[in-house]
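After the structure tokens below, expect a handful of questions from me.
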Amino acid sequence: MIVDAQQFAVGASWIATAIGAGLWLWSWLGEKDAIRKLRFLDCGVVLLFSSILLRIVAQDKLMSIWDWAVVFVAPLFIAAALWRLARTAGAPPASGK
């Protein structure tokens, strides 16, 4: 079985989607510290939207209206999440551990 670059990229994007969804769920269900919760949420958002964008670019069919909407909206969410990650990078831990 020969795997080309497109199949590899789509497979990697599904793995990134799973990791992003896991980080997003952990931010809502498992993390109690507010700053870490926000950072997990932002990392999950970046992974989810970037993996969706990669699958849109790699698809063989023509782009639908929903694909175009994601192409225009996803970079805004990615930029906002990266901005918040940069802003919270130097924050001291709240619990003092």
Are Trp66 and Val70 in one and the same hydrophobic cluster, where Ile, Leu, Val, Met, Phe, Trp and Tyr link if side-chain heavy atoms are under 4.5 Å apart?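 No, separate clusters.
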Neighbour count above 12 (heavy atom, 6.0 Å) for Ile65 CD1: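 Incorrect, the count does not exceed 12.
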Interatomic distance, Lys37 atom NZ to Trp28 atom CH2 [nearest 0.5 angstrom]: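 Lys37 atom NZ to Trp28 atom CH2 measures 6.5 Å (nearest 0.5 Å).
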Ile52 versus Ile56: any side-chain heavy-atom pair under 4.5 Å?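 Yes - at least one pair of side-chain heavy atoms lies under 4.5 Å apart.
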Atom pair CD1/CZ of Ile35 and Arg87 - distance to nearest 0.5 Å: 10.5 Å
Closest contact, heavy atoms only, Val46 versus Ala81: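 Smallest interatomic distance, heavy atoms only, reads CG2-CB, 3.6 Å.
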Do the side chains of Val45 and Ile19 join up, straight or via other hydrophobic residues, at under 4.5 Å, putting them in one cluster? no
Distance check, rounded to the nearest 0.5 Å: Thr17 atom OG1 versus Leu54 atom CG? 9.0 Å
Side-chain heavy atoms of Asp67 within contact of Ser64, under 4.5 Å: yes
Distance-minimising heavy-atom pair for Gly20 and Leu47: CA-CB, 3.8 Å
Is the ring pair Phe49/Phe77 parallel, tilted or perpendicular, if the boundaries are 30 and 60 degrees? parallel
Looking just at side-chain N and O atoms, do Ser51 and Ser13 make a donor-acceptor pair shorter than 3.5 Å?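 The answer is no; no qualifying pair exists.
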State yes or no: do Leu29 and Trp24 share one hydrophobic cluster built from I, L, V, M, F, W and Y residues joined by side-chain heavy-atom distances below 4.5 Å, directly or via other members? yes
With side chains defined as the heavy atoms from C-beta onward, is the minimum distance between Arg84 and Leu41 less than 4.5 Å?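 Side-chain contact under 4.5 Å: yes.
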For the atom pair CG (Leu82) and OG (Ser50), what is the distance rounded to the nearest 0.5 Å?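 Answer rounded to 0.5 Å: 9.0 Å.
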Shared ILVMFWY cluster between Val71 and Val57, side chains joined below 4.5 angstrom? no
I want to check something: taking the side chain as every heavy atom from C-beta on, are Leu38 and Thr88 in contact at a cut-off of under 4.5 Å? yes
Rounded at 0.5 Å granularity, tell me how far CG in Leu53 sits from CD1 in Ile78.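 So the CG of Leu53 and the CD1 of Ile78 are separated by 5.0 Å.
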Passes side chain to side chain contact (heavy atoms under 4.5 Å, CB included), Val10 versus Gln59? Steps please. CA-CA 9 Å; Val10 170; Gln59 70 185 356; over 6 Å; no
At what distance, to the nearest 0.5 angstrom, does CZ of Phe40 lie from CG of Leu85?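 The CZ atom of Phe40 sits 11.0 Å away from the CG atom of Leu85.
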